[in-house]
Amino acid sequence: MRRNSRGSWLLAIALAAVAAALPLAFLRNQYNLILLTTVALYGVLTSAWNIIGGMAGQLDLSAGAYLGLGAYTTATLLLRWNITPWVGMFAGGVVAMGFAFLVGFPLFRFRIREVWYALSSSALVVVLQVVFLLWKQVGGPMERLLPSASFSLYNLRFQSYLPYYYIMLVLLLATLFIAYRIRTRRLGYYLLALGDNEDAAEVLGVDARGSKLKALVIYAFLVGITGGLYACIYGFVHTSFFSPTISMEVAILGIVGGLGIIYGPLLATVILVTGRELLRAGLGGRLQSLYLVIYAVVLILIALLRPRGLASLLGAWRKERR
Amino acid sequence: MSGEPILQVSELCKSFGNLAALNRVSFHIAPGEILGLIGPNGAGKTTLFNTISGLYHPDGGQVAFKGQSIGGLSPHAICKLGMSRTFQVTQAFEHLSVAEAIRIGAYNRHGERGVEAKVRETVAFFGLEKIQDWKCSDLGLAPLKRVEVARAAATDPELLLLDEAGAGLNASELAELMEMLKTLRRKRDMTLCVVEHVMPMVMGLCERIIVLDYGELIAEGTPEMISKNEKVIEAYLGRRSKR
Amino acid sequence: MIVNILQSVADGALMGCVYALIALGLSLIFGVLNIVNFAHGDFVMLSMYLTFWASTYLSLDAVFTPLITIPLLFGLGVLIYYSIIQKTLRERFVVQVAVTVGLMTFLRAFAQLVWEARPRALKFSIIQGNFPLGPFTVLLSRLISASLSIVAVVAVAMFLKYSWLGRSIRAASDDADAASLMGVNIRWTYAFAFAMGSALTALAGGLLMTFQQVDPTMGLRFGLLSWCILALSGLGSISGLLISGVIVGVAEALTVAYWEPRARSLIVYLIFVVILWLRPRGLFGRK
């Protein structure tokens, strides 16, 4: 295991270097930069989801809720008090975190069955969407534009997608590192045990509710920060950011990537989101929705044929135990 | 066997719907002893364990562990106080390896620094070196039962409740297990309470036995006394002849 | 004022009966197969589009289209069960969810591909129109839809209770192993339950189309709505389903009338979350 981990670190650093160098290959092509940024963004979401979904085995479908909260917090701070998104996105993370705590506290107390946890977390996204739709001071039916500027470091506005990509990449690496730290420490082991057998874990001293809450709150924090960045990238906030579709997609990518395996969700994201976006661009026109049909079929096929996730392919190849 | 009991159960009640699974059960466990808990199927032994270890909320009565009332505490809090248990139907962590499963227990009293050593020591104590990297889902019944005892022992409990740890083991596996349990008591000062159907194990291991039938305590005494007790024989044999 | 409130309550109650019909299909699938079907609402959406098609191209009135769509959806249910659902029965919960969410994405994208994103509605149905009843106005389409829904729910309840097939479905839902020992063909029963759950959405979809339009994103709303009703009623009580459907329908209608139309889903999910927190078994649940 020890020998192996050194190699893994080298591999991880090499891959990070490749990711950092990738944009140099097509600096002029904004489309490719958008694609890279999108993949990195989904990578953060799915890797963060892995903490609550993969390790703790809680099928969370509320990524969109925390994404939206982060986005709206960042935008509101900037628009009302001119507070820079650099601070705003962390504030967004904290708001998402607080909200996750409020939601998770009662949910985990009553040991709500996995199905109902999944559904109530999904309902949460829609609830927030409506709340922000009706909350005129902060949300409302119209898009809220962030201050436009061709270049403003303070407002996190850039002409090119290049800076966004690098910021997202840093966030992605941080997320992966946090997931790795959790996975190899007490909390990670506790979460895995809880995901497998809650009663058995409890009598061995595992605080089920506390551990799950920690996982949920960390996940919400990471997604909240991403939400702040998301708002800056798009240049506006809208209630459609509270998206049930994104929430489900994040979960499904996490599942087909490989539950609890650090690089699993990222692997699935890189392959599938890239594939999806290329398909979307390639098809276009009348066949606009065809890419989603194909994407859905691929997801179903992977889930059926590789129930342990895409990472299990790599795992079998490397003959490595998780 | 002196001093205060490590566990004092008084008038404990638990019912499911109209069915009283435990009816005013009272007994104690003295520090350092090995107490046997026997009774026919459906007598309420597992319910008793579940209620003591915090998985069930008692409907009435008191459970005091080391003089402190623990009725209504959650299982992990009870474990932190120094009580752990195994399960009659093995509750494995399917996706964890043997060493990782033990690690879950070891974290109870150890931080990141000490946990590795504790795991290694526990693995060695229970003779699990060869299978420590196996996934729990790949284990047969006998090793699985042993892993359950090992991970519970890794929490460093003062009181360990074993629910049919011997069921399904062959004679040599049983002898090994009994030896380990005796060593646990001698070297780690653990008090043990065992629910058991395997009579040789109960008779060979326990100093004192209590008998549960239909949720009530019907006898208490040394193995010899119990094996001659009319009520106990009635409970075990009488019911069979009535059927 | 009081007349208006009662009017909303009545409208909502009628709508709630159709909701109960949708939730009944879900309850069959969840109760029997123990599969969490996220795509159920999208079956409703698909049924609505098929109704739209059948009535546009075959000039069939929406009330009669279920004659075609019920067999269609039943067949689709069988097909999906054998090709997809059956393979996930022994898998972990998350894999089941991944598959049904994938199915949901598929159905929605398929609808967008075939019918495009804009909403579709029927121009005409023989049960459109309304008539006054004292101070109230009764929408004929809603009244008939609600009545047919109740008839269908009761019929399914009778079927489950008295027919041989229905009893084996209930046996399989209580304890699959025991049922299979008693000679129930579990695989076949599961397929039937799934197909029947899907076929019920065909009826609901046809009825909904007599007074509503359809767009491809509607599935999620119906899906969560029927899960909410199921959570409210708990498993195993058919009258509970009807009552819960009516509660949800009335809550929606009152929200639309007296607060804010866009907040209706808010109310539904708040009920859902509160019920999960306070009564995880539902109001009428057995298990």
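In what follows, chains are A, B, ... by sequence order, proteins preceding strands, each numbered from 1.
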Take atom OH in C/Tyr57; do more than 12 heavy atoms of anything else shown fall under 6.0 Å from it? no

Restricting to non-hydrogen atoms, name the atom on [X] and the atom on [Y] that form the minimum distance, rounded to 0.1 Å.
X        : Y        : result
A/Val126 : C/Leu224 : CG2-CD1, 4.0 Å
C/Gly102 : A/Ala296 : O-CB, 3.5 Å
C/Val94  : A/Ile255 : O-CD1, 3.4 Å
C/Val99  : A/Ala303 : CG2-CB, 3.7 Å

Tell me, with the steps shown, if C/Arg262 and A/Leu134 meet side chain to side chain contact (heavy atoms under 4.5 Å, CB included). CA-CA 8 Å; C/Arg262 288 169 301 191; A/Leu134 299 177; 4.1 Å; yes

Which atoms of A/Val103 come close to chain C, meaning under 4.5 Å heavy atom to heavy atom: side chain ones, backbone ones, both, or neither? backbone

Which atoms of A/Leu61 approach chain C - backbone, side chain, both or neither, heavy atom under 4.5 Å: side chain

Go through the atoms of C/Arg221 and report whether side chain, backbone, both or neither lie under 4.5 Å from a heavy atom of chain A. neither

Please flag which part of C/Val36 lies under 4.5 Å from any non-hydrogen atom of chain A: side chain, backbone, both or neither. side chain

From the options C/Leu220, C/Val97, C/Thr105, select the one residue that forms a side chain to side chain contact (heavy atoms under 4.5 Å, CB included) with A/Met248. C/Leu220

Gap between atom [atom2] of [Y] and atom [atom1] of [X] - 0.5 Å precision:
X        : Y        : atom1 : atom2 : result
A/Ser122 : C/Trp227 : OG    : CH2   : 11.5 Å
C/Glu260 : A/Leu133 : CD    : CG    : 7.0 Å
C/Lys87  : A/Ile300 : NZ    : CD1   : 12.0 Å
C/Gln86  : A/Leu304 : CD    : CG    : 11.0 Å
A/Leu119 : C/Phe272 : CG    : CZ    : 4.5 Å
C/Leu103 : A/Leu299 : CG    : CG    : 11.5 Å

Flag the one option from C/Ile84, C/Thr100, C/Thr88, C/Thr217 with the top tally of heavy-atom pairs under 4.5 Å to chain A. C/Ile84

Do C/Phe110 and A/Leu292 touch side chain to side chain, with heavy atoms closer than 4.5 Å? no

Under 4.5 Å, heavy atom to heavy atom: which of residues 263-271 of chain C reach chain A? Give them by number, or say none. C/Ala263, C/Ser265, C/Leu266, C/Tyr269

